[in-house]
Amino acid sequence: MAIDFPPGFELGVATSAWQIEGDVAGRGRCNWDDFSERPGAVVDGATGEPACDHVHRLEEDLDLLMWMGVDAYRFSISWPRAMDGDRLRPEGIDFYDRLIDGLLARGIRPVATLFHWDLPSELEAAGGWPNRDTALRFADYAAAMGERYADRVDRWATLNEPWCSAFLGYCSGYFAPGRKEPGASLAAAYHLILGHGLAIERLRSAGARNLGIVLNVIPVISETESMDDATRHVDAVQNRIFLDLLAGRGVPADLRQSASSVTDWSFVREDDNAVLSAPIDWIGENYYSVMRVAEPDLDNTAAIGQDTAAFPACPPLRFAPRPPFTDMGWEILPEGIELALREITDHLPGVPIWICENGAAVEEVTDADGIHDAVRIEYIDDHLRALTRAVERGFDVRGYYAWSLMDNLEWASGWTKKFGMIRVDPETGTRTPKDSARWYRDVLAARP
Ligand code: IFM
């Protein structure tokens, strides 16, 4: 049965720069270049070169987007490709000019994210996001992008999933830059939102429209009442620190207290509040799964240590996802999307929401007839239906971008996990639409 989208609902696909662009020599280095070259940091040793070689295959990829029939394409600008210190980098600017103009020429709305985790190496070396100055440099970069592209970019996101940058980057060390310093990760979270707020002001002054930020709010579910405190703590680190700052409520009081053993919070300045909560025109949510918090399991201590490492001062707990799972081990729960929408709306009433990523790494079967990824189709179909039900119940969701247009570098998992609707051969770069790409194309075409 066809999905009944609300009038004007925007459908698209998403990617990010480091995951697809390649052409490392054509830009400055970033934290992920440095991190991925460290033995063992990325499971299969993949680096940003060649990724999907998107820089050299731009026209082909733009044609695939048009073939798919998307309304909008969400991409990210690589800061070290666009900028060389505080100057524009001409080749990089030319690349994004061609990308944006190529989208417009094909009738596709450009949706740009300014920071999808690739921080210029020199800023990382200077302390990265735990350092307040990075937020100021980010605002300068945002202003430069606004001045260049405000006339053509339809929608802007400052950051993508700041939780990953802050806590996977500086606390568990699972992502670049690989630091394991809980106190620094809280400072990073704060400065990311500060940078976002400063960037919003600068983008607006440059005439850019439709300004927002993309979070990955993950509904945190307590499996038993005894785990309610742990659940609240996880929710504070995963979701509330970002939502509360954006809502003008400051750092959540319970987190301020519970994390006092790892930071004195001296990086928080009371007069930052107006910047942290700068008015936004929309908010993005990347929804994949939920987190279930259960009693610690003595047979599972290794897993406990690994998971809780990302959460300073976390009470003992165990994450207990329920089947079915994707290849990432993430529980599949389409109706969980409504829990995420509720938490966002409770914090930011009246701000329209876009689902900026949703998709799955799954088993695929390749035969003479093509690449069959039935589980991905089912996953996206179920989530789109859950989303339209949520809209019927009153949530103000205006669009959905599937993750991802094509297979790409899945960060620390390298090429071992595939989210694409189009296969990219890691050896040759050849693009082949999977069944899901044809299915999504039909969904898009079936709209009245
Ligand atoms: O590939 C990532 C993306 O870069 C950010 N959101 C989650 C995706 C899947 O892990």
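Heavy-atom basis, side chains included; hydrogens, waters and symmetry copies ignored. Just so you know, these numbers come straight off a predicted model, no measurement behind them. For the single chain, residues carry numbers from 1 onward in sequence order. One-based numbering, in listed order, for ligands and for the atoms of each.
Within the listing of ligand 1, atoms 3 (C), 5 (C), 6 (N), 7 (C), 8 (C) sit less than 4.0 angstrom from a heavy atom of Glu357.
Residue-level proximity to ligand 1 for His116 is carried by the side chain, the only part with a heavy atom below 4.0 angstrom. Contacts between Tyr287 and ligand 1, counted as non-hydrogen atom pairs separated by less than 4.0 Å, are absent for every part of the residue.
A distance of 8.5 Å separates CD1 in Ile422 from CZ in Arg431, rounded to the nearest 0.5 Å. To the nearest 0.5 Å, the span separating CE on Met68 from CG on Asp442 amounts to 11.0 Å.
When Lys417, Glu161, Glu410 are checked for heavy-atom proximity to atom 9 (C) of ligand 1, Glu410 turns out nearest. Of the candidates Tyr288, Trp18, Phe419, the one placing a heavy atom closest to atom 8 (C) of ligand 1 is Tyr288.
Ser76 and His116 share no side-chain donor-acceptor pair at under 3.5 Å.
In this structure, Trp330 counts as a contact residue of ligand 1, since one of its heavy atoms falls inside 4.0 Å of the ligand.
An N or O contact shorter than 3.5 Å is missing between Trp117 and ligand 1 by distance.
Ring to ring, Trp79 and Phe138 are close: their centroids are under 6.0 angstrom apart.
A ring pair (Phe, Tyr, Trp, His ring centres under 6.0 Å) with Trp117 holds for exactly one of Trp18, Trp32, Trp411, Trp163; it is Trp411.
In this structure, Asp63 pairs ionically with Arg106, as a charged nitrogen and a carboxylate oxygen lie closer than 4.0 Å.
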